[in-house]
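Any value given below was found using the heavy atoms of this structure, including those in side chains, with hydrogens, waters and symmetry copies removed. What you see is a predicted model; the values in this text were computed from it and never measured. Reminder, nothing fancy here: chain letters follow the sequence lines and each chain counts from 1.
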Amino acid sequence: MFDGFLTILVFSPAVIALSLLITNKIFNSETIIRNISIFGSVFTFVFSLVAFLNYDTDLGGIQFVDYYENWIPLNSLKTSYLLGIDGLSAPLVLLTGLLGMISVLASWRVNIRITEYYFWLLLLQSAVLGVFTSLDMILFFVFFEFELIPMFMLISIWGSGRSHYSAMKFVLFTAMGGVFLLIGILIIYMSDPITSMAMVSVPSVGIDQGIPDMIAGYNLIAPTVLVFILFLIAFLVKLPVWPLHNWLPDAHTDAPTAVSIMLAGVLLKMAGYGLLRINVGFFQETNDFTIMSAAPYLATLAAISTIYGAIVTIRQTDMKRLIAFSSVSHMGYVLLGISIFSYNIGNGVVIAGMSGAALQMFTHGTITGLAFLVIGLIYDRTHTRYIPHLGGLWKKTPIISVFFLLAGFASLGLPGTSGFISEIMIFISTFKVWPIQTTVAAFGIVLAAGYSLWMIQRVIFGNVPSKGGLSKKNYDSLEDANWKDIIPLVSLVIPILMLGIWPKLLVDIFEKGISSVIR
Amino acid sequence: MFDSDIPVYLIILSPIISFLVNSIFIRIFFGTNSKISGLLTIFTISISFLFSLLALYHVNSNGNYEYDSRLWFSYGSFEIGFGILLDQLTAIMLVVVSGVSLLVQIYSIGYMKNDISYVRYYAYMSLFTASMLGLVTSRNLVQLFVFWELVGVTSYLLIGFWMNRPSAAKAAKKAFLMTRFGDFGFLFGIMYLASKNPEWLDIPTLYNAVHLPDFTHTVATIFSIALLAGAVGKSAQFPLHSWLPDAMEGPTSVSALIHSATMVTAGVFLIARIFPIISLSDESQIILSFIGAFTVIFAASMALVSNDIKRVLAYSTVSQLGYMMLALGIGAYGPAIFHLLTHAFFKAALFLGSGSLHHSTGTFNLKYMGGMKKIMPVTYWSMLIGSLSLAGIFPLSGFWSKDEILSSLFNDFSFLSPNSILFFLAIIGVFMTSFYMFRAIFLAFDGEFRGGGTQEKKDLKKKGLVIPETLEDVHKSEAPKVMLIPVLILVFFAIFLGFFVNPVFDIPLISKHWFSNLLFQNVPVFGDNVHHTDFKFLIAIISSIIAIIGIMLAWAIYIKGYVSLPKNSFIINKLKILLDKKYFFDEIYEDKLVNSFLYNRLFKITEVLDLKFLDNINIYLGKFTLKIGQLLSIGQTGYLQFYAGGMILGVIILLCGIVLWNF
């Protein structure tokens, strides 16, 4: 079966990226390049939305399958070209489409090496979409690693500050994680019971057994716990979790706005997705190890990450760095939600916690995207992200300030925004298993209020500081957001509020996906 | 008409409509200070008020309504519902919230007339009213928490309404953070209860569950103490009290609505909501009543010396909320809610009066007022009546409600029992209340005018101090009618509400103890064991005499000057500093705990660890790899002889190895 829908979705940004290079040779016009990129990203968004909306929640399972067996024409290779989405990946595909579009729309102020910039940005989008849709482990790994190249280019060429350092740090950390991932994949590949590398069973195309079914009850060629840890490290680096988070603040801070949005919005979610799909999905019925024994460590790590991230966030004076550290804290909730896996506390509660984690990934993507977007707008105008030099923006730029306020409130998990729903679902369900860890992590909401409100107070309230702040002339000439800025802002605020008020929109589909992952 | 829950949703949705229209439509098409927004808000809130009255009428005749819970979201078997719980408590709260809100919105037409962000003001006020109405009608604890946070955030926005004033921005943040600290307790309570049984999050189910064997004493205690933390934060009780005085940075109308009549009573409401659970646990009841009683005199003591009339009223609010908490702690549900009702009206009247005073004198500082009696007679009389009501003077509202609380404390009175201690604290509170309130009234309205805002500005300039932006020039005029009428309506209630709502004997149309009886009809909460607090003549006499002594003392000191505090007494001076500095709580919390300890020590250590330690590990790992590479590169000399030699050496070693192995 090959209906090609996902293939088009995944590769259309890449094709458009390539066409940019040709267009640049022929026309050499900045406007055309920008318009083609915008077209490409909007096209991808619409396609991802169609995929999301057409995913049949009642039916469940893997849908939109693209399967081509002899991807690499060597019969002895167990790998195949297998794309498909289920309830877990469909919303993440939508998120990638949305944030991909927003990052292109938010890039209209970029003015150096435009063709290359859009080329890499679109290529990045293809890679991430590939990660979320590929169901073959080798294919998954290819996309997972491929994303590094555009990221490296984007951060080091168009970044600010110590951009080369940060780009290199990002690549080294992720590549190191990738090595662990590769070793894990190889161990699985070489183990006896494995006949194909399909990560799930897809009966509709004749794959009756995915890796989880095949390794259930068998011994791998290496201790299962080792394989589990290999995968775990790969994804914990990417998530990131304390103490493996050090690459994140640097990469976020020095990347250009659009790339920060992609990085925090979707790239971190690859890790959460990997944890759910691989760590949780594979190691339920293996012979000598189950994820149960790892869960207490995961929960503790999550609690430390949450609090540690929030504490370091409070100390930050660079707005982007502040949001970056808050991501560490928020992604800790994801790990916390995942950690209640397979506890015998009633299936509903387990699904609630893990769907809460999945929802947290989505909401964090939109909320952090909004925050980076607004900070980008402020930086464009004031040329500083240093909080003590800012202040009193509300008077001159009320529209930007309103969105800033919304981003702050959403980030502190205010009810009515989507963050609240995912957090409360995670807390309520994990408390039953991990009361102490959950209580510690839940204290993060107080700290989150601290850093969000304090940033709001210092940046948009009050007055321009006399020392180091904007000069009166510069302050008076600040321009508020124009429609080009408002469109991406609004398109992020809509999902945040919609999910906050009517969470069923995503909850049902995530629930379907999670229940098939944990079987 | 209340057979379905649609009219109740209408009560909540009506102000939401004015919020949306104000903040989007009017803001964009009519500008930031369009007068339509005020009228629209008043219109929508009157609809809410009208339906709230109807709700009260129906609840009074038909008992409480329980509508079906609707599904908000669910995961598998795990459901979070939302819905309406319209019981007697809710109906009363609906009327109080929408009624006071309506009057405050009318007052604001005059008070906010010249503000450039008129539309924003009304948008926030609508959102607040909607959230507060949503809070009191919630039937699920998660739903209640949602609105609980939303009133918190609107309070934040309104305290920081004049956000260009750094002090206002700071106060707003402080208010939100301190209440959120308490909310953490609330959240913990929700998590804990859900871990026992998620269905208990539904309040009517919870009421039924208290009779079940799973609902142990431990569950009740942990849950009620956790929610108590939330209530303490929201109602500004000790030790989370210090945000409320600072919250006075917002417009005075906001203080009247949010920080005296409605939002701060949400804590009391929450405790009343979980009354059946808290009744199961003696420990929580004792903690609650002692927090309440201590807060009564603790807050009142700071009001004794404050020179800012709004802060006097703020401390007074904290202190009166303490009475309500105290009453709930000893199981006096009826008196607590009764006091909440009367307090909402007389305190709102006092706040609005102080706003009018500011309009006229340009300052809130009592030192610069004086003699306003002749200039603003209506405001004078209304504030005087409000203060008498607050002090608990017969036959005003405050007398009846405060008396009920004192009488319930006196019920099983024995020397040195917990109740007797609480009773004495409460009685001391009565004395302090009447003293600080009349000190403020006499300073503001009697004697000579002391220059108002103009003079204060001059004095501050002379001392080289920063001039707060609240200071304005003197107008010296009575407030306009649009501001006076709402105050007069509130004063009307401050006089009559107490007796006529809960009369001590049957009067035409109203039966004896109508209000208490109404509350006790709430079968799910009380079952059949209803106990009334009877009017006790002795208590009434004692408390009245004490209140009058307080007033006389204030009169003797501040008008006649018969008595004056010894100027150079060491103890008095130290005590004054202690009270002036609010027992150093701001210093302890903000400077010592948050700034010095957390921000500059603990958090800094974490940050340094992050930057220095963790990052350095990465850097050293990198350097280590580099070093190994360098070490290995020594071998790469480029000389063929060297490589050949190396090869021969390797072969020899290998051969030796094989020989040794087989040997």
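Side-chain contact between Phe73(B) and Met425(A) is present, with heavy atoms from C-beta onward closer than 4.5 Å. By the 4.5 Å heavy-atom criterion applied to side chains, Gln316(A) and Glu607(B) are counted as neighbours. Here the side chains of Ile428(A) and Pro198(B) are not in contact, with every heavy-atom distance at 4.5 Å or above.
Without hydrogens or angle criteria, Trp72(B) side chain to Lys504(A) main chain gives no donor-acceptor distance under 3.5 Å. With Asn164(B) contributing its side chain and Gly462(A) its backbone, the two residues share a donor-acceptor pair below 3.5 Å.
For Leu614(B) against Pro243(A), the heavy-atom pair with the smallest separation is CD2-CB, 3.9 Å. Counting all heavy atoms, side chain and backbone alike, Pro415(A) lies closest to Val146(B) at CB-CG1, 3.5 Å. In this structure, Leu453(A) and Phe176(B) approach most closely via the heavy-atom pair CD1-CD2, 3.2 Å. Scanning both residues, Val446(A) and Leu177(B), for their nearest heavy atoms gives O-CD2, 3.8 Å. When all heavy atoms are compared, the tightest approach of Ala442(A) to Met191(B) is CB-CE, 4.0 Å. Nearest heavy atom pair, residue Gly413(A) against residue Arg180(B), reads O-NH2, 3.8 Å.
Heavy-atom neighbours of Ile617(B) CD1 from other residues, nucleotides or ligands within 6.0 Å: above the threshold of 12. Remark: Arg27(B) CZ is loosely packed, at most 12 non-hydrogen atoms of other residues, nucleotides or ligands lying under 6.0 Å away. By the neighbour-count criterion of 12 heavy atoms within 6.0 Å, atom CD1 of Ile436(A) is sparsely surrounded, having that number or fewer from other residues, nucleotides or ligands. Summarising the local packing, CE of Met176(A) is surrounded by more than 12 heavy atoms from other residues, nucleotides or ligands at distances under 6.0 Å.
With rounding to the nearest 0.5 Å, the separation of CZ in Arg458(A) from NZ in Lys173(B) is 8.0 Å. Atom NZ of Lys170(B) and atom CZ of Phe461(A) lie 15.0 Å apart (nearest 0.5 Å).
Contact count against chain B (heavy-atom pairs under 4.5 Å) is highest for Ile445(A) among Thr438(A), Ile445(A), Leu405(A). Chosen from Thr439(A), Asp508(A), Thr430(A), the residue pairing most often with chain B at heavy-atom distances under 4.5 Å is Thr439(A). Of all the listed residues (Leu602(B), Leu201(B), Asp610(B)), the one sharing the greatest number of non-hydrogen pairs under 4.5 Å with chain A is Asp610(B). With chain B as the partner, the residue from Ile460(A), Asn463(A), Val402(A), Val312(A) showing the most heavy-atom pairs under 4.5 Å is Asn463(A). Per-residue heavy-atom pair counts under 4.5 Å with chain B were compared for Phe409(A), Trp247(A), Phe173(A), Trp394(A), and the maximum is reached by Trp394(A).
Heavy-atom distances place both the backbone and the side chain of Leu71(B) under 4.5 Å from chain A. Contacts between Ile424(A) and chain B at a heavy-atom distance below 4.5 Å involve the side chain alone, from C-beta outward. Heavy atoms of Leu157(B) lying under 4.5 Å from chain A belong exclusively to its side chain. Looking at Phe443(A), the atoms closer than 4.5 Å to chain B (heavy atoms on both sides) sit in the backbone and in the side chain alike. Interface remark: Ile456(A) contributes side-chain atoms only to the contact with chain B (heavy atom separation under 4.5 Å). Interface remark: Leu244(A) contributes no atoms to any contact with chain B (heavy atom separation under 4.5 Å). Looking at Leu447(A), only its side chain comes within 4.5 Å of chain B, counting heavy atoms on both sides. Interface residue Leu187(B): only side-chain heavy atoms are found under 4.5 Å from chain A. Only the side chain of Pro398(A) comes within contact range of chain B, with at least one heavy atom under 4.5 Å from a heavy atom of that chain.
Between Lys169(A) and Asp615(B) there is a salt bridge, with a side-chain nitrogen of the basic residue lying less than 4.0 Å from a carboxylate oxygen of the acidic one.
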TODO: Determine, stepwise, if the pair Tyr192(B) / Phe427(A) fulfils ring-ring contact (aromatic ring centres under 6.0 Å, His included).
DONE: CA-CA 10 Å; Tyr192(B) 177 74; Phe427(A) 293 154; over 10 Å; no
Task: Steps toward ring-ring contact (aromatic ring centres under 6.0 Å, His included) verdict (Tyr599(B), Trp454(A)) - done: CA-CA 12 Å; Tyr599(B) 187 71; Trp454(A) 199 28; 5.3 Å; yes
- [ ] I would like to know whether Leu414(A) and Leu150(B) meet side-chain contact (heavy atoms from CB on, under 4.5 Å); could you show each step before the answer?
- [x] CA-CA 8 Å; Leu414(A) 187 78; Leu150(B) 283 179; 4.3 Å; yes
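Using a 30° and 60° split on the angle between ring planes, Phe431(A) and Phe188(B) fall in the perpendicular class, above 60°.
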